[in-house]
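First the structure, in the form of structure tokens, and then the observations on it.
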Amino acid sequence: MSDQKRLFLVDAYALIFRGYYAFIKNPRINSKGEDTSAIMGFMNSLLDVIKRERPDHLAVCFDKGGSADRVEMFEAYKANRDETPEGIKTAVPHICKILEAMHIPIMVKEGYEADDVIGTLSRQAEKEGYKTFMVTPDKDFAQLVTENIFMYRPVFGGGYETWGIPEVQKKFEVTDPMQVIDFLGMMGDSSDNIPGLPGVGEKTAKKFIAQYGSMENLLANTHELKGKMKEKIEAAKDLGMLSKKLATIMLDVPVTFNAKDFELEQPDTEKVVAIFQDLEFRRLTDNFLKTFSVEAEVSASNPSDNATGKPEVKTTPKAQGAAGEGQFSLFGGDPSEAIEHTPEHVRKTAENTSHFYQSVAPGIGTKLFLKNVMAQTSVCFDTETTGLNPLTAELVGIAFSWEVGKGFYLPFPENRDEAQELIEQLRPFFENEAIEKVGQNLKYDIKVLAKYNIEVKGKLFDTMLAHYLINADMRHNMDVLAETYLNYTPISIEALIGKKGKNQLSMRSVALEKQTEYAVEDADITLQLKEHFQNELGEANTQKLFDDIEIPLLRVLAAMELEGINLDETFLNSLSEQLDKDIKTLETTIYTAAGEAFNIASPKQLGDILFDKMKLVDKPKKTKTGQYATGEDILSYLAKDHDIIQHILEFRALSKLKSTYIDALPTQIEPLTGRVHTDYMQTVAATGRLSSNNPNLQNIPIRTERGRQVRKAFIPRNEDYILLAADYSQIELRIIAALSKEENMINAFKNGEDIHASTASKVFNVPLDEVTREQRSNAKTVNFGIIYGVSAFGLSNQTDLSRSEAKELIDTYYATYPKLRGYISQQVDFARDNGYVQTVLGRRRYLKDINSRNAVVRGAAERNAVNAPIQGSAADIIKIAMINIYNKLQDGQYKTKMLLQVHDELVFDVYKPELETIKTLVKTEMENAYKLDVPLDVDLGTGADWLEAH
DNA sequence: GCTGGACCTTA
DNA sequence: GTAAGGTCCAGCA
């Protein structure tokens, strides 16, 4: 280093914040209960700088009162920043006292930020021949760098890096450090609320700097830009210039660099040590004395050994194992490089958020916990198990939380009997009607506990269901919700048990401390989400839907899933054998016709054979990826001319049947129960419908003769039972008739007419008994088209009609049912005005694209606006029916069980002696679930299998 | 082993 | 034209 004098200017708040957040997972709290993390963090780094660099001149700069100028320019400036944490506010007076005792000058100017003070002082010092080092992690300072002014930047892993001109040039891809201002102005800085140019991030900003050099030059040449970018930037020129101003550090603060005042002197050791001892800093006292080359003479009453007299810090065992006091290097101790002086933009995790998660020891610990938990009115819980199948999953532990940031974890013994003993102790909690149970996807936990013969009673709050009602179009898994609403990234399950598949571990094999951290975090987060969603439910006016529909339905679904359905495996196996033969025969026929063997199931290979080799058509249609399209609609068009196509279609149909249903279903039989247990998803369909998976029992074939054989495999539990299928007749058309108040349609339903025939009769102007099959079929297509948001194009694709015939049919249709047209446009208008549509029960679907400039996108949103309330209202109604029927079956202690729901159909396993009662019960409840201006009609069928019941 | 596309099943 | 889930292939790792 040259003999040039060196000045160090410390950006106080940046280091205080960084220090505070570095200790966040293990805050330093002394015996008086003071949080001293920020003080310790700051002092550690200050001493570190002094020890390393031995500066001749040093000052610490603070902000005061914010930047009046910048706020005047832009009122949102730094408005994003959260309230300064309490631990920092209380730290500042202590730090000032220490600095005074150390004889280090504090530079602060009312109405200016530390950046401006440091900038001004560094320029003044430069003129007097000093080298200045700005001690800060904040990248904004890079604009101040000159030949004699450097950034002295703490880096991850400990130590510092010095940024001179070459480093800044490289880092920001600029030629002159002053261009950092343009760079920041372009990309903006969300932490300081510098808006930046719209659509410009780091990459684009660098590109613009390279190309135009400055904000001014870019804005003067926007005509060279293209497309959306051009529009956006041209519209935001003022914003660009404002952003640049906001990003500019001021160099004319009324402060004076007086070399004499800034000289680093010997501190008032006694005073400093007194303050440190008062704060209970032992290691730091040592460190301080060593730094200033004074004999370490620490009194015997304050041993420097941090193993004794360590302040009581309440955190998890894991967090307690973290860096000990004094050994902690502020910049090396925390893996979160993102921690700068803008902590509100740092994603929170268990690592940097204070929490108190404790595992509960057996015996007295459990007793104490029980006493505690029973005294609560609302508790969040989350079960940890050995797997995802609730029927076979064993409890590994249960996490509980009823206070934000705190929670307990009850590990379960592997031995089943011992586990049962433990859960028995919890029975009074779970079966307590007065304690609300909160959870994420409670259906799972309820099912797991049911296998331990535990019923979860009392009010329920499921955060996943809550969010589904708040915005059904989003995803609702806990990790996403935590990140969206709490700015918190939970520990991933993969971090614990590995990626799924090959070597995934069981939760059982994870160390207890990790189980605790993970499980209690989930409960804690879920509790926090609950507090968040509780208010939003009221705002969205969906509280009733939550309390009266989705939450009660959760228990109904859990029961249906646990029940499962009996499957005739032998029958499916024999079907499989027949199919296998037929498929093989078809294969041979196809290969012969094609002249070679190939994989018929590969659309790519099939397309090549049909259209390249055999040249069945002149201009084959291609898919969007450039392959030949071989979908059902295209092939069946060719089928009448080419036998091979007929065979291929049959091959397709049979293979699908075999692989998706006949061979797949038996593998889904749960060995434990001998039955098939589907999983109903309550939060995936945007309209409010359920969905079913593993296996999907809502798409079992019915249309073709061979397909519907699969339904014969669904049978009652034994010969004392019979299957009952109850389905709503035309529920969606009834709903649209009622909602639109279209009397012609309402009357047809009231008169019990066949609605499609009735429509055909009116549209084609023929007597009802003279309607042809084709006319009825076309009328049926239009009826459905209306529900889906009809267009002439879609209709002509769906029928044998031409585009103009289709258009004419639609026009006649609207003339027949005049109020339907009005209803449809009214729905679309409502969506445009409100951004959402809703069902009869107020279930909302938000349609963000309803005002899109893109006609295709907007058209899709408009069809949603029509369809969602209809499909969703039908879903609402059958949900009500399910809840009411379930409750009646429970109350009446019937042996009959509800097994399946297929959107407009319910399937029951009916105890034969109860059949007549149940038939009446089911029909009554379904038809009276919701009162419309149109009667609801339910068809019942019974049989020894699902096909026969139809 | 995972992912996207094509295809097919239901209401 | 609405709403879903499952299987297979093919391309990529």
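All chains are named by letter (A, B, ...) in the order of the sequence lines, taking the proteins before the strands, and each is independently numbered beginning at 1.
The nucleotide whose nearest atom lies closest to any side-chain atom of Ala685(A) is, among dA10(C), dA4(C), dG6(C), dA4(C). Counting only heavy atoms from C-beta on, Arg845(A) has its side chain closest to dA3(C) among dA3(C), dC8(C), dC8(B). Among the nucleotides dT7(C), dT9(B), dA4(C), the one closest to any side-chain atom of Thr660(A) is dT7(C). Nearest nucleotide to the Gln871(A) side chain, out of dA3(C), dT9(B), dA11(B): dA3(C). Of the candidates dA4(C), dT10(B), dA6(B), dA6(B) carries the atom nearest the Thr625(A) side chain, counting heavy atoms from C-beta on. Taking every side-chain heavy atom of Tyr788(A) into account, dA11(B) is the closest of dC9(C), dA11(B), dG5(B).
Leu657(A) comes within 4.0 angstrom of nothing in the nucleic acid, heavy atoms only. At a threshold of 4.0 angstrom between heavy atoms, the contacts of Gly631(A) are confined to the sugar-phosphate backbone, with no base atom among them. Counting any heavy atom pair closer than 4.0 Å across all strands shown, Ala868(A) reaches no nucleic acid atom. Asn696(A) comes within 4.0 angstrom of the backbone, heavy atoms only, and of no base. Within the nucleic acid shown, Arg863(A) comes within 4.0 Å of sugar-phosphate atoms alone, with no base atom in reach, counting heavy atoms only. Using a 4.0 Å heavy-atom criterion, one finds that Val684(A) contacts the sugar-phosphate atoms exclusively. If you check every strand for non-hydrogen atoms under 4.0 Å, Thr678(A) touches nothing. Using a 4.0 Å heavy-atom cutoff across all strands shown, Thr630(A) reaches sugar-phosphate atoms only and no base atom.
His756(A) and Phe784(A) have tilted rings, their planes meeting at an angle from 30° to 60° on a 0 to 90° scale.
If you take CG of Leu654(A) and P of dC8(B), they are 13 Å apart, rounded to a whole angstrom. The CG-P distance, from Asn783(A) to dA11(B), rounds to 17 Å in whole Å.
Salt bridge present: Arg832(A) and Asp829(A) bring a charged side-chain N and a carboxylate O closer than 4.0 Å. Between Lys581(A) and Glu577(A) there is no salt bridge, since no side-chain nitrogen of the basic residue lies less than 4.0 Å from a carboxylate oxygen of the acidic one.
Counting atom types as modelled, Gln698(A) pairs no side-chain N or O with a base atom of dT10(B) as donor and acceptor under 3.5 Å. Side-chain N/O atoms of Gln627(A) and base N/O atoms of dG5(B) include no donor-acceptor pair closer than 3.5 Å.
The main-chain N or O of Ala594(A) is found under 3.5 Å from a side-chain atom of Lys613(A) such that the two form a donor-acceptor pair. Using modelled atom types, no side-chain atom of Lys762(A) and backbone atom of Tyr817(A) make a donor-acceptor pair closer than 3.5 Å.
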